[in-house]
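Remarks on the structure that follows.
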Amino acid sequence: MTYATDRIEALLDEGVRDKVYPGAVWAVGDAARVRASGTTGVLDPDDPGAEMLPDTVFDAAGLTKILAVWASVGALWEDGVLDLDAPLGTFWDEVTGYPLGAVTARQLLTHTAGVPLRAQLKNLYGTDPQAIRNGVLHEALHRQPGEAVEYTDRAALILGYLAEHLSGRSLDQLSAERTWRPLGMDSTHFGPLPPHLTVRCAPTELDQDTDTHLKGTAHDFSARLLGGVCGIAGAFTVAADLTAFLRYMLDASTTPTEAGFGTEWTSHSLTIQTGGLQPERGLFWHPAPGTTHDQDVWVHYGFTGTGMWISPAKDRWAVLLTNKLYYTRDRQPLTDIRNCFRELAFA
C-alpha cells in the first residue's frame with residue numbers, strides 16, 4: 001500500500017487546495033487491521049490552526065442508514081423476528097389496511113418499495129413526531145412496489161420505525177445495544193452531541209437561523225425535526241468506529257463481542273437483490289460506481305461528504321470522511337475524488 005498511500009494523500013490534499021472540503025480523514029484496511037490511514041486539511045476554515053485529526057467526529061448523514069437501520073434490521077432478521085418478504089401489513093398493525101401494508105422490508109432495503117421520493121416531513125405533516133410517523137406510515141405509494149429502483153430517504157425512516165416496533169426500543173437505544181457498544185464504537189452517537197464531542201466535530205453547512213455552521217447537530221432537516229434520531233440521518237461517528245464496523249463485517253471474530261447482525265446478514269446484503277432492475281442494489285448497499293461484479297466493491301455515502309466501501313472478495317474496506325458540505329452542495333467535485341479514492345484503495 002506504500003505507493004497507493006502516497007497517491008491517496010496527494011489526491012486528498014488536492015481536494016483541500018481546491019476547496020472541495022476543508023479536511024478529510026481516511027483509512028484503508030482488511031479484516032485483520034488498518035493498512036493505511038491519514039488526515040488532511042483543517043477542522044474549520046474559520047480556525048486554520050485546528051487541524052483535521054484522526055478522532056474528528058463527523059456528521060455521518062446517510063451512513064446512519066447503515067450504522068443504525070441496516071445493522072438493526074439485520075439483527076432482527078438474524079433473531080428470526082423479521083421476515084424480509086412478508087407484507088408489512090401482515091404483522092405491523094400501524095400499516096395494516098394502508099398502502100404501505102403491501103410493501104415488504106426487502107423492497108424498502110432495495111429502494112423498490114414505491115414510497116414517495118422526497119421526505120418533506122414538515123410541509124406534509126407538521127412538527128409533531130407522532131403526526132409525522134402516522135403520515136409517513138399511512139401515505140399513498142408513489143408507484144407499485146417492485147416496479148423500479150428509486151432511492152428515497154423514506155425507506156430508511158420507515159425501516160427505523162419498524163425496527164423500533166419489533167424491538168420495543170427507540171432506534172438510538174437499539175443501535176447502541178445491538179451494534180455500537182458490542183463493536184466498541186464508543187464515539188458513535190445520535191445527536192445533538194454533548195459539548196465534549198461537539199468540540200471534536202467537523203462543522204457542516206451554514207445555518208441561516210444562527211449564521212453559524214452546524215456542529216454537533218445533524219445537518220439533515222428530517223433528523224433535526226425528529227429530535228436528532230431517525231432512520232434517515234442523525235448519527236455522528238469517527239473513522240476508528242467505522243473501521244471496527246467494517247472489519248467486523250468482513251470477519252465477525254475481529255471483536256470480542258458479536259453484534260446483533262453477523263456474517264449471514266452481511267453476505268446476504270452484499271449481493272444483487274434487484275433482479276433485472278437498474279440501478280442494481282443489494283440491501284441498502286450498492287455496487288461502487290465504475291466497478292464490475294467480479295471486483296465486488298460495495299459502497300454507501302452520506303450527503304455531508306462521508307463514505308465507506310467494502311469488498312469481501314478482496315478482504316478490504318475503505319473509509320473517507322469529509323465535511324464537504326461546509327463549502328457547497330455541489331456533488332460532482334467530491335464524486336470525482338471518491339471514485340479516484342476507491343480506485344486507489346482497492347487497486
Are [Y] and [X] connected into the same hydrophobic cluster when the rule is that any two of I, L, V, M, F, W, Y join if their side-chain heavy atoms are below 4.5 Å apart?
X	Y	value
L344	L242	no
L121	L141	yes
L226	L108	yes
Y151	V69	no
Y248	L63	yes

More than 12 non-hydrogen atoms from neighbouring residues, nucleotides or ligands closer than 6.0 Å to [atom1] on [X], yes or no?
X	atom1	result
R118	CZ	no
R169	CZ	no
Y98	OH	no
R181	CZ	yes

Between H268 and W77, how do the two ring planes meet: parallel, tilted or perpendicular, split at 30° and 60°? parallel
Run K65 and D153 through salt bridge (Lys or Arg N to Asp or Glu O under 4.0 Å) and show every step you take. CA-CA 9 Å; K65 297 176 175 68; D153 282 338; 3.0 Å; yes
Distance-only polar pair, side chains of [X] and [Y], donor-acceptor under 3.5 Å:
X	Y	value
E94	H138	no
D294	T292	no
T40	D13	yes
T212	T210	yes
W317	S311	no
Q273	R106	yes
E150	H111	no

Side chain to side chain contact (heavy atoms under 4.5 Å, CB included) with A50: which residues, sequence neighbours excluded? L43, D47
Taking the side chain as every heavy atom from C-beta outward, state whether [X] and [Y] have any pair of such atoms under 4.5 Å apart.
X	Y	value
L225	T127	yes
M308	Y301	no
L183	T188	no
H213	Y326	yes
T39	W26	no
F91	L162	yes
F261	T179	yes

Testing the basics here: between [X] and [Y], what is the closest heavy-atom pair and its distance to 0.1 Å?
X	Y	value
A24	T322	CB-CG2, 3.8 Å
F190	A68	CZ-CB, 3.9 Å
L334	G305	CD2-CA, 3.6 Å
R154	V136	NH1-CA, 4.0 Å
Y327	P22	CE1-N, 3.5 Å
H189	L193	CB-CD2, 4.3 Å

Among Q130, E139, Q120, which one satisfies side-chain hydrogen bond (donor to acceptor under 3.5 Å, both in side chains) with Y125? E139
Return the [atom1] to [atom2] distance between [X] and [Y], rounded to the nearest 0.5 Å.
X	Y	atom1	atom2	answer
I232	T152	CD1	OG1	7.5 Å
L246	D30	CG	CG	12.0 Å
E14	E9	CD	CD	14.0 Å
L214	N323	CG	CG	12.0 Å
T237	M185	OG1	CE	5.0 Å

With a 6.0 Å cut-off on the ring centroids, do W298 and H286 count as close? no
For this output row, return yes or no: ring centroids of W309 and F341 closer than 6.0 angstrom. yes
Could you tell me whether D79 and R178 make a salt bridge, using a distance below 4.0 angstrom between a side-chain N and a carboxylate O? yes
List in chain and number order the residues that pass salt bridge (Lys or Arg N to Asp or Glu O under 4.0 Å) with D296, two or more places apart in sequence or in another chain; answer none if no residue qualifies. none
Just by distance, do the side chain of D220 and the backbone of S222 share a donor-acceptor pair under 3.5 Å? yes
Does the pair S269 and W70 meet the rule for a side chain to side chain donor-acceptor pair (under 3.5 Å), with working shown? CA-CA 9 Å; S269 299; W70 175 83; 2.9 Å; yes
For residues 333-347, which residue pairs qualify under side chain to side chain donor-acceptor pair (under 3.5 Å), counting only residues two or more places apart or in two chains? Q332-D336
Start with the C-alpha gap between L197 and F236, add the side-chain angles, then the distance that decides, and say whether side chain to side chain contact (heavy atoms under 4.5 Å, CB included) holds. CA-CA 10 Å; L197 288 177; F236 289 79; over 6 Å; no
